[in-house]
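None of the values given here were measured: they were computed from a predicted structure.
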Amino acid sequence: MSALPTFPASRPGRFWGLLFLAALITGVGLLAAHQMEISGHIITGMNNHVVWGTPHVFAVFMIVAASGALNVASIGSVFGKPMYKARAPLSALLCAALLAGGLMVLMLDLGRPERVIVAATHYNFHSVFAWNVFLYSGMFALVAIYLWTLFEKRMAPWSRRAGLAAFVWRFVLTTGTGSIFGFLVARQAYQSAVLAPLFIVMSFAWGLAVFILAQGAMLRLAGAVLDHDVHRRLRDLLATFIVASLYMVMVYHLTNLYFARQGAFERFMLLEGGIYTAMFWLGYVVVGTVVPLALLFRPGFGGRNAAAWASAAVVIGALAFLYAFIIGGQAYPLQLFPGYEVTSSFMDGQIAPYSPSMPELLLGIGGMGAALLITLVGARLFNMLPADARRPETPSDIAAGETAGEP
């Protein structure tokens, strides 16, 4: 057996190049936020109807994926699965990194980010937004404690308890994120109890997809491989989560169709919504569901990188779904008086226009760059390669597809 690999021993040049790229993307995102602050939101596509734009699509994705990324560690610590336990440090690091990147976008998109101190010191507990202040900060604290128990031998006996606490908290956190929309009565698309479990199930697929991409990149930089059985189990788990997510999306739309007042919205979203309908059917259903399932059930389509390609497709599909859900849900007019047509100078009864601007897009991508930057620095400082990673012993290792989804 070859010596255990270290990160990023085999390709330090690529590591520093990737680190510089992540820092550059983060910096561009910060510059975009600065431009939005000094010029005002007039330079964005947002308006009085669509107040959550493209940055919120990226922010919600990263926050939900953060919860799902921690699921890998939870399977190991809470349910005692050794294969997943070996991935617990990277899983917890990704959770913290994605959560930090998502909150960075969220705060900088407010227009007055310095006023976050008000949200942190004045609470209206009738608002789900106030609850999330505690949920996000609590998640950071629990993940930090969990990582402590993983790296400090004296704290090892507390690892399972810390993992269980983080496991429970991640469910509560994702429930809070889904409830932001589920409790919102001023939008026709939202106000549904199905949204909390929908976001929980989607977090499994999104978080695992990001984890597979991150793990594959780290293995590539370290010149390491994983056993084929590990690769297969992660691939099968991702396929299961994708199917479960599709099922919950179907339940959400069928629930809406059951209520007569939601019929017009469902027709808009599924048939007549233009870009939003295309985002849902082509972006989420085709790219985010059908393509990855084809790659996962028929790995020959994607070769040895089938899991990585499938994970990338899941991420693209997730962003497409959130674009249709968040922005399309705001663009569709609220039915103030069901059965009557309402018109006014404030565009009541009309589909609100929205076109994402470059600053919005750069800010969202900048948040993902920040998550990548945090992950690279953390992995470099603490060598968070999976404990079962090994150096390839024969040329057939790579040919057999044992690289666990290298990108």
Side-chain angles (χ1 to χ4, degrees), residues 7-8 14-37 44 52-70 89-114 116 119-120 132-133 135-137 139-141 143-144 147 170 173 177 203 206-207 209-218 221 311-312 315-316 318-319 322 326 356-382 384 407:
F7 179 78
R14 291 191 180 184
F15 167 78
W16 291 111
L18 188 59
L19 188 71
F20 174 78
L21 178 62
L24 179 63
I25 294 173
T26 305
V28 171
L30 292 174
L31 287 175
H34 176 66
Q35 186 63 36
M36 290 165 60
E37 183 176 6
T44 72
W52 295 341
T54 302
H56 272 68
V57 172
F58 285 92
V60 173
F61 167 75
M62 284 185 280
I63 291 171
V64 174
S67 171
L70 189 63
L90 177 59
S91 171
L93 174 63
L94 269 178
C95 173
L98 287 166
L99 188 57
L103 292 179
M104 167 189 143
V105 175
L106 210 58
M107 292 298 102
L108 293 177
D109 187 46
L110 292 177
R112 292 290 299 277
E114 74 280 3
V116 68
N132 279 281
V133 173
L135 294 178
Y136 297 147
S137 56
M139 194 71 204
F140 280 122
V143 168
L147 282 170
R170 63 166 292 272
L173 182 145
T177 304
S203 73
W206 300 355
V210 174
F211 177 86
I212 290 174
L213 290 172
Q215 177 183 249
M218 288 183 60
L221 289 171
S311 298
V315 171
I316 295 171
L319 293 172
L322 288 173
I326 295 176
S357 67
M358 186 58 68
E360 290 179 88
L361 185 61
L362 292 177
L363 174 58
I365 296 175
M368 300 188 80
L372 175 60
L373 183 63
I374 295 171
T375 302
L376 288 172
V377 172
R380 178 69 176 86
L381 292 176
F382 299 103
M384 291 189 176

Distance from [X] atom [atom1] to [Y] atom [atom2], nearest 0.5 Å?
| X | Y | atom1 | atom2 | answer |
| --- | --- | --- | --- | --- |
| Met104 | Leu30 | CE | CG | 4.5 Å |
| Leu18 | Leu376 | CG | CG | 5.0 Å |
| Thr375 | Leu19 | OG1 | CG | 11.0 Å |
| Met368 | Thr26 | CE | OG1 | 11.5 Å |
| Ile326 | Phe58 | CD1 | CZ | 11.0 Å |

Could you report the tightest heavy-atom contact between [X] and [Y], atom names first, then the distance?
| X | Y | value |
| --- | --- | --- |
| Phe15 | Leu221 | N-CD2, 3.8 Å |
| Ala69 | Cys95 | CB-N, 4.3 Å |
| Gly29 | Leu363 | O-CD1, 3.7 Å |
| Gly102 | Ile63 | CA-CG1, 4.2 Å |
| Pro89 | Met384 | O-SD, 3.5 Å |
| Ala92 | Leu70 | CA-CD1, 3.8 Å |

Might you work through the side-chain contact (heavy atoms from CB on, under 4.5 Å) test for Asp109 and Met36, ending with a clear yes or no? CA-CA 8 Å; Asp109 187 46; Met36 290 165 60; 3.5 Å; yes
Please step through side-chain contact (heavy atoms from CB on, under 4.5 Å) for the pair Leu99 and Met62, ending with a clear verdict. CA-CA 6 Å; Leu99 188 57; Met62 284 185 280; over 6 Å; no
Would the distance check show the side chain of [X] and the main-chain N or O of [Y] forming a donor-acceptor pair, the cut-off being under 3.5 Å?
| X | Y | result |
| --- | --- | --- |
| Ser203 | Ala65 | no |
| Thr54 | Leu361 | no |
| Thr177 | Leu173 | yes |

Residues which pass ring-ring contact (aromatic ring centres under 6.0 Å, His included) with Phe61, listed by chain and number, not counting sequence neighbours: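 For Phe61, the residues satisfying ring-ring contact (aromatic ring centres under 6.0 Å, His included) (neighbours in sequence not counted) are Trp206.
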Partners meeting ring-ring contact (aromatic ring centres under 6.0 Å, His included) with Phe382 (sequence neighbours left out):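 Residues passing ring-ring contact (aromatic ring centres under 6.0 Å, His included) with Phe382: Phe151.
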